[in-house]
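The block underneath contains the structure these notes are about, expressed in structure tokens.
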Amino acid sequence: MRKGNMKWVALILTLLLSLMMLAGCSETAPETSGSTSGSESEAASSDDQSTDETPDTEKGTVKLVYVNWSEGVAMTNLAKAILEDKMGYTVEITMADVAPIFTSLANGDQDAFMDAWLPTTHASYMDEYGDDLDDLGNNFEDAKIGLVVPSYVAINSLDELNDVADDFNHELIGIDSGAGIMKATDAAIEAYGLDYELIPGSGPAMTAALATAIEDNEAIAVTGWAPHWKFARWDLKFLEDPQGVYGGSENIHTITRKGFSDDMPDVAAFLTNFYMDGQQLGDLMGAIADSDDDPVDVARVWMADNEELINSWIPAE
């Protein structure tokens with residue numbers, strides 16, 4: 001090809017490239033000068049909103065606190081599973097003794113406690129901290145506390161304990177020292193003049209001692225309560241309480257820090273709706289007790305098997 005023709009070809013290619021660049025600029029111009037699209041539009045609209053509002057994708061963190069009691073472990077982990085998997089919240093659960101739990105709720109450091117026994121067991125805590133707490137109502141009815149023994153033990157009443165004190169090594173096996181049932185048992189020891197020592201421990205330690213005694217067919221008396229999975233596993237009975245030291249049947253309540261319902265109204269509505277009967281709670285407690293998995297994972301399986309019940313607790317959006 002001649003040099004003159006080469007110049008014309010180069011000129012034509014240059015013109016074509018220039019036209020293509022101009023066309024590209026005209027296609028992108030509306031995005032930069034007109035209305036935005038996609039994520040740019042969402043970002044622009046969010047800039048117009050108050051920064052005090054929490055985005056839907058970041059609903060916040062719910063702080064649930066519980067004592068290491070079987071019903072509290074079960075209900076708290078089930079609530080965590082529902083709030084995270086079905087309602088989009090982050091949930092922190094903290095285990096503590098009952099006394100610091102009421103203190104932390106009253107101070108606003110924790111949000112909710114699902115295992116308050118009223119009107120008797122935790123009455124002293126409500127008397128002390130009640131003005132700084134909100135009661136969302138019952139999540140379980142007809143709960144009971146007292147001294148529990150294997151059914152093969154010959155006695156049936158608290159006022160018979162001194163007659164067989166040697167069989168029990170003069171010991172009553174308790175749980176954490178701040179629990180209401182421990183205070184009630186101290187009162188029972190005094191009221192009945194029992195020649196026994198109340199041994200503090202924990203819920204799991206109490207059931208472990210109970211299991212060992214039953215395996216060896218020995219006498220044992222423990223601070224017990226229902227609902228609890230131990231009644232499904234072993235043949236047990238409450239000792240009668242003629243003086244009524246332990247009170248009658250109670251209800252389990254959900255207690256929150258003051259103002260929680262205003263801060264997280266849908267969570268508060270869910271916790272208000274949360275209610276289990278004896279069969280439901282016993283089934284969940286037993287599943288957790290029989291599994292080596294994390295309780296929240298067991299609760300997730302139980303949740304999947306009880307969708308209709310779970311969905312009835314979740315407030316409509």
Quick one, [X] and [Y] - any side-chain contact, counting heavy atoms below 4.5 Å?
X    : Y    : result
Q110 : I101 : no
V267 : L83  : yes
W302 : I310 : yes
I155 : F168 : yes
T76  : F113 : no
S202 : I175 : no
T256 : L105 : no
E240 : L158 : no

Short question: side chain of [X], backbone of [Y] - any donor-acceptor pair under 3.5 Å?
X    : Y    : result
D97  : A99  : no
D297 : D293 : no
T61  : V91  : no
N138 : F140 : no
E160 : S157 : yes

Would you kindly confirm whether [X] and [Y] end up in one hydrophobic cluster when ILVMFWY residues are joined by side chain heavy atoms under 4.5 Å apart?
X    : Y    : value
Y152 : V149 : yes
L309 : V296 : no
M95  : M75  : yes
V164 : L194 : yes
L78  : Y275 : no

[X] side, atom [atom1]; [Y] side, atom [atom2] - distance, nearest 0.5 Å:
X    : Y    : atom1 : atom2 : value
D263 : D111 : CG    : CG    : 8.0 Å
K59  : D266 : NZ    : CG    : 5.5 Å
H170 : I199 : NE2   : CD1   : 12.0 Å
L210 : E218 : CG    : CD    : 11.5 Å
L198 : I189 : CG    : CD1   : 5.0 Å
M114 : N77  : CE    : CG    : 10.5 Å

What heavy-atom pair brings [X] and [Y] nearest, and what distance separates the two atoms?
X    : Y    : answer
A123 : P119 : CB-O, 3.2 Å
M285 : A74  : CG-CB, 3.8 Å
S249 : D142 : CB-OD1, 3.0 Å
G224 : V148 : CA-CG2, 3.7 Å
D176 : V98  : OD2-N, 4.2 Å
T207 : W234 : O-CH2, 3.8 Å

Take a 6.0 Å sphere around CG of D131 and say whether it holds more than 12 heavy atoms from other residues, nucleotides or ligands.
no
More than 12 heavy atoms of other residues, nucleotides or ligands under 6.0 Å from CD of E215: yes or no? no
So side chain to side chain donor-acceptor pair (under 3.5 Å) across residues 220-230, not counting sequence neighbours, yields S70-H228, E71-W225
For this session: Please confirm whether K183 makes a cation-pi placement over Y125, using NZ or CZ under 6.0 Å from the six-membered ring centre and within 45° of the ring normal.
Result: yes
**Asked** Taking the six-membered ring of F238, is the NZ or CZ of K144 close enough (under 6.0 Å from the centre) and on axis enough (within 45°)?
**Response** yes
The single option from N162, D159, D241 that satisfies side-chain hydrogen bond (donor to acceptor under 3.5 Å, both in side chains) with Y192 is D241
Which of N251, T254, N273 passes side-chain hydrogen bond (donor to acceptor under 3.5 Å, both in side chains) with N139? Answer is T254
Exercise: do [X] and [Y] side chains pair donor with acceptor under 3.5 Å:
X    : Y    : value
T103 : Y129 : yes
E250 : T121 : yes
T185 : Y246 : yes
D109 : S104 : no

Apply side-chain contact (heavy atoms from CB on, under 4.5 Å) to M126 and L118, showing your working. CA-CA 9 Å; M126 292 303 292; L118 298 172; 3.6 Å; yes
Take L172 and E197, measure what side-chain contact (heavy atoms from CB on, under 4.5 Å) needs, and give me the verdict at the end. CA-CA 6 Å; L172 305 175; E197 179 184 1; over 6 Å; no
Practice problem: Could you walk me through whether V73 and N68 pass side-chain contact (heavy atoms from CB on, under 4.5 Å), step by step? | Solution: CA-CA 6 Å; V73 172; N68 195 15; 3.6 Å; yes
Report task. For the pair K258 and D132, find out whether any cationic side-chain nitrogen is under 4.0 Å from an anionic carboxylate oxygen. Result -> no
*asked:* Please determine whether side chain to side chain donor-acceptor pair (under 3.5 Å) holds for the pair W117 and D115, giving the CA-CA distance in whole Å, both sets of side-chain angles, and the decisive distance to 0.1 Å.
replied: CA-CA 6 Å; W117 287 54; D115 206 5; 3.0 Å; yes
Kindly state whether the ring of H122 and the ring of F102 have centres lying under 6.0 angstrom apart.
yes
Next on the checklist: Working note: R300 + D85, criterion salt bridge (Lys or Arg N to Asp or Glu O under 4.0 Å); need CA distance, chi angles, decisive distance, verdict.
Outcome noted: CA-CA 9 Å; R300 284 191 165 99; D85 297 359; 2.6 Å; yes
- Message: Is there a side-chain contact (heavy atoms from CB on, under 4.5 Å) between M276 and W313? Walk through the geometry before answering.
- Response: CA-CA 10 Å; M276 304 184 79; W313 299 338; 3.9 Å; yes
- When you look at N169 and Y196, which way does the side chain to side chain donor-acceptor pair (under 3.5 Å) test go after all the steps? CA-CA 8 Å; N169 295 317; Y196 283 76; over 6 Å; no
